[in-house]
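This report refers to the structure that appears directly beneath it.
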Amino acid sequence: MAAVPAEREWPRRREERAGGAKRRRREEPPQEPPERPGEPPREPPAEPGYLALARGLLAGGAPARRSPAPSRPAGEPAGDGASDRDDLLGQLIRDLNEINEVPFFDVQLPYELALKIFRYLGKAELGRCAQVSRTWKILAEDEVLWYRLCQEEGYLLDTSISDHSCWKLALKNCRAREHMLKTNWKNRVGAVSQLRYEPGRVLCDVHSCDGVVMAGYTSGEVRLWDTRTWDYTAPVLAAVAGPGGAGAPPHVSFVRINSSLAVAAYEDGTVSVWSLLLGREPIHHFQHNQRIQALALAPGGTAVATASGFEVKVESPDDKGFWQTPGTFEIQKLVNFLNLVPDVTGSPVAVAAAEDIVYLLKAEDPGKVLHSVYGQPVTCLDVSAHEAAFGIKTFGWLLNEPNQILLYNLETNQCVTKVGNSIGDFSCVNLHNSPPNMLVAGNKDRRVRVFDVRRGEAACSLYAHQLGVSAVQMDEWKIISGGEEGLVCVWDQRMGTKLWEMHARHPVRYVWFNSHSLITANIPEEKNPRGSSITDDDPSVHRKYRGIIYCYEFSVDQLAVESVLPICRSSYDELTGYNYNIGLAVPYDSI
C-alpha cells in the first residue's frame, strides 16, 4: 500500500477533529448562560397545554390558547409534575359546581346561556348529554328543562315548577301511567258500576262534565253523581214547585252540566239553573209558553240557550250575578239542534239548526243565516270554538247526490270543506272533542267514519253496529261508538279493529270518556211503557223499562278505595253480572 503524502494527511485529521467536536456539542444538554447582575429574572419554561387550561379555569379567567409543550429533558424526574397536575384536576372537578360558568370544550359560557342552549333538546338528547361529564349531567337534569318537557307533552298543566322536587321523575311517572291506562283500555281491565236512581223511574236524559254525571227522570227529579271520588250518593237537585204545589211534576226533557252550572228543562217549558258550588236550590228559573225543543249550555261559561216554538232565548248572569237576557231571536222554523259556541268573549254566540236552515245567532247580527238549501234538512250538529259541523240530508237517488257533512268557519261564515259520501243519513257528529283537523261521525248505514278535514276525505270507515249509530267520540288512538241496538263498541283507530263491546237493552244516547273513565247512557224511547204500572209500590218489576247509566274506570289506582273490592260496592240487587279478568264488576255471578 502506497504511503499518503504529508500534505494530504494533515487536512484529513483536522476535519475529523472538527466533526468529533460537533458531535460532542450536540450530545451535551444546552446550558443557560449565567445571569448577569442587574438583568430581570428569566420566565419559567412553558407548562403543558391541559395544565395551563386547568390553571386558567381555577383563576377564573379565559383559558389561554394551547401551545405545544416543550420536550422534557432526559433524566428529569416526573414525580412532582404529575402530583401537581392531579391536585389541579381534582380541585377543578370539585369547584366546577360552585362556579357560574360551564366549560364547553375550549370556551366558557354562563350557566343561564348554557341552559338556554339545552332548552332545544329533547328527552333522549338530554339523557345523552348527562353522560358527558358531571357538569353536563347537572345541567341536563335542571328542573326548568324537565318542567318544560312535561308541559309540552300535556302532563300536569295546572301545576307550577315548585309543586314537584324532581320533574324528570314526574314526567317518567306520567308516561308510565299513560301506558298503563292505554293497556287497560285495550284489554278491558277495570271496574264498571251502574248509576241507578229507583225513585226517578224512567231515564230521560244524561249529560256529564269531567266525571260529574247529571240525569233527569220522568218523575221530574234531577240527580248528580261524582264519579271522580266514587261517591254515588250525591244529592237530588231540588226543583221549583209548581203553582199551588198541586199535580204531578212534569217530565225532564233535557239536562246539561259544565264545571260550574247544572241546567234542566222540563216538559211544561220550565228551566231551572243550579250552581254546583252553592247547593241544591236553583239560583235561576224562567218559563217558556211552549214545550222546549232544545237546550244548550256553554262548556266553559255561564250562558244558557233554549229553543221553544219559533223563539231562541239566551240567558246569562252579569258581573254582579244577576241574570239577564242578552238576546231573543225569532226563527222561521222549529229548532231541532242548538249549541253555544265555546270560548267567546262578550255576548254569547249560538248556532241553531231549524229543519233546512242553520242560523248563527249574535246579539249584534240576530238574523244571520249560515247555511240554507231548501229540501235538505240538517240531521246532526256540533260546534267548536271556530267551526261548526252539521250533516245534511240531500235528495238522494233523485239527483244522484249523497249525504254529506259540511264544515263552516264561524269567523268568515264560509264553507271550509264537505266530507262524506253516504246514502244513509248522518245521525251524529263530534267535532269539539276530536283531535285537531279531525272529526268523527255516525251514520244510519251502521258505519262510523273518521274524516280528515284538511284532505276532505275519510281516514277510516268502521262497520260498527247492527242498527244506526246514535253516539260517537274519538281521541288520538281510539273511537267509542254507541248504537240504536244498545251496543257500546271500543275501536282502535289506527288498526281499524274492535277491541271490545258491551250491550244493554235500550239505545245508547250518550257517550263521554277521558283518559281513565268512560260514561255511557242507555235511554229508552218509551217514557210511559205499555203494560207497566209505574205507580206500583214495587218499582223493581219495571226495571227493564227504565234505562241505565254505566261508569267504567280503567285507573288501577282508584280500584282499591279504602281496600274495598268493587263487588262490595254493589247493591246486590242484580242476579247476574259481568266478569272482567280478575275483578267481578256488577255485582256478582253467584254466591
Side-chain angles (χ1 to χ4, degrees), residues 200-207 214-224 235-258 260-299 301-340 347-354 359 361-363 366-367 523 527-528:
R201 300 178 183 175
V202 180
L203 185 64
C204 295
D205 194 22
V206 174
H207 198 252
M214 182 180 184
Y217 296 88
T218 55
S219 62
E221 294 180 311
V222 180
R223 187 174 179 86
L224 294 178
V236 178
L237 299 180
V240 177
H251 295 182
V252 177
S253 301
F254 304 98
V255 293
R256 296 292 184 269
I257 187 173
N258 61 13
S260 58
L261 296 179
V263 185
Y266 297 86
E267 290 286 336
D268 60 350
T270 304
V271 179
S272 297
V273 182
W274 295 270
S275 173
L276 300 182
L277 303 176
L278 297 181
R280 298 173 53 183
E281 298 297 328
I283 60 174
H284 183 55
H285 171 77
F286 60 96
Q287 178 79 37
H288 282 278
N289 295 328
Q290 302 180 21
R291 178 180 175 271
I292 296 176
Q293 290 133 8
L295 173 67
L297 177 63
T302 56
V304 179
T306 55
S308 177
F310 300 97
E311 181 185 68
V312 175
K313 187 177 182 180
V314 179
E315 299 265 339
S316 65
D318 58 10
D319 297 336
K320 297 182 179 180
F322 296 101
W323 285 80
Q324 56 185 358
T325 305
T328 302
F329 309 94
E330 295 294 333
I331 305 298
Q332 300 176 3
K333 300 180 180 180
L334 296 178
V335 176
N336 306 108
F337 305 98
L338 181 63
N339 287 83
L340 283 169
S347 300
V349 179
V351 178
Y359 295 92
L361 304 177
K362 300 180 181 179
I523 302 175
K527 308 304 179 186
N528 296 310

Original post:
Hey, does Thr302 have a side-chain heavy atom less than 4.5 Å from the side chain of Leu261?
Top reply: yes

Original post:
Any side-chain heavy atom of Leu361 sitting closer than 4.5 Å to one from Val314?
Top reply: no

Original post:
What are the two closest heavy atoms between Ala265 and Ile292, and how far apart are they?
Top reply: CB-CD1, 3.7 Å

Original post:
Distance only, no hydrogens: is a donor on one side chain within 3.5 Å (strictly under) of an acceptor on the other, for Thr270 and His285?
Top reply: no

Original post:
Can you name the one residue among Leu276, Val206, Leu224 that meets side-chain contact (heavy atoms from CB on, under 4.5 Å) with Met214?
Top reply: Leu224

Subject >> Ser316 versus Ala303, closest heavy-atom pair with distance >> reply: CB-CA, 4.0 Å

Original post:
Are there more than 12 heavy atoms of other residues, nucleotides or ligands under 6.0 Å from atom CG of Asp318?
Top reply: yes

Original post:
Of the non-hydrogen atoms in Cys204 and Ile523, which two are nearest, and what is the gap between them?
Top reply: O-CG2, 3.5 Å

Subject >> Contact summary for Asn258 and Ala298, nearest pair of heavy atoms >> reply: ND2-O, 2.9 Å

Original post:
In Å and rounded to the nearest 0.5 Å, what is the CH2 to CD distance from Trp274 to Glu281?
Top reply: 10.0 Å

Original post:
Who passes salt bridge (Lys or Arg N to Asp or Glu O under 4.0 Å) against Glu267, sequence neighbours left out?
Top reply: Arg291

Subject >> For the student: nearest non-hydrogen atoms of Val222 and Ala264, plus distance >> reply: CG2-CB, 3.9 Å

Original post:
OG of Ser253 to NZ of Lys527: how many Å apart, nearest 0.5 Å?
Top reply: 9.5 Å

Original post:
In Å and rounded to the nearest 0.5 Å, what is the CD to CG distance from Glu221 to Leu237?
Top reply: 10.5 Å

Original post:
Between His284 and Phe286, what is the ring plane arrangement, given parallel below 30°, perpendicular above 60°, and tilted in between?
Top reply: tilted

Original post:
Taking the side chain as C-beta and beyond, is there a heavy-atom pair between Leu203 and Tyr217 under 4.5 Å?
Top reply: yes

Original post:
Is there side-chain contact between Tyr359 and Ile331, with at least one heavy-atom pair below 4.5 Å?
Top reply: yes

Original post:
Rounded to the nearest 0.5 Å, what separation is found between the CG atom of Leu295 and the OH atom of Tyr266?
Top reply: 11.5 Å

**OP:** Flag the pair Ile283 / Leu278 as yes when at least one side-chain heavy-atom distance between them is below 4.5 Å, and no otherwise.
**Re:** yes

Subject >> Pairwise side chain to side chain donor-acceptor pair (under 3.5 Å) hits with a residue in residues 320-332, at least two apart >> reply: Glu315-Thr325

Subject >> Closest approach of Ala363 to Pro326 (non-hydrogen atoms, all atoms of both residues) >> reply: CB-O, 4.3 Å

**OP:** Please determine which of His288, Lys313, Gln293 meets the side chain to side chain donor-acceptor pair (under 3.5 Å) test together with Thr306.
**Re:** His288

Original post:
Side chains of Leu334 and Phe310: does their closest heavy-atom pair fall under 4.5 Å?
Top reply: yes

**OP:** Find the distance between CG (Asp205) and CZ (Arg256) and round it off to the nearest 0.5 Å.
**Re:** 5.5 Å

**OP:** Measure the CD-CG distance between Gln290 and Asp268 for me, rounded to the nearest 0.5 Å.
**Re:** 13.0 Å

Subject >> Trace of the side chain to side chain contact (heavy atoms under 4.5 Å, CB included) decision for Val312 with Val335 >> reply: CA-CA 8 Å; Val312 175; Val335 176; 3.9 Å; yes

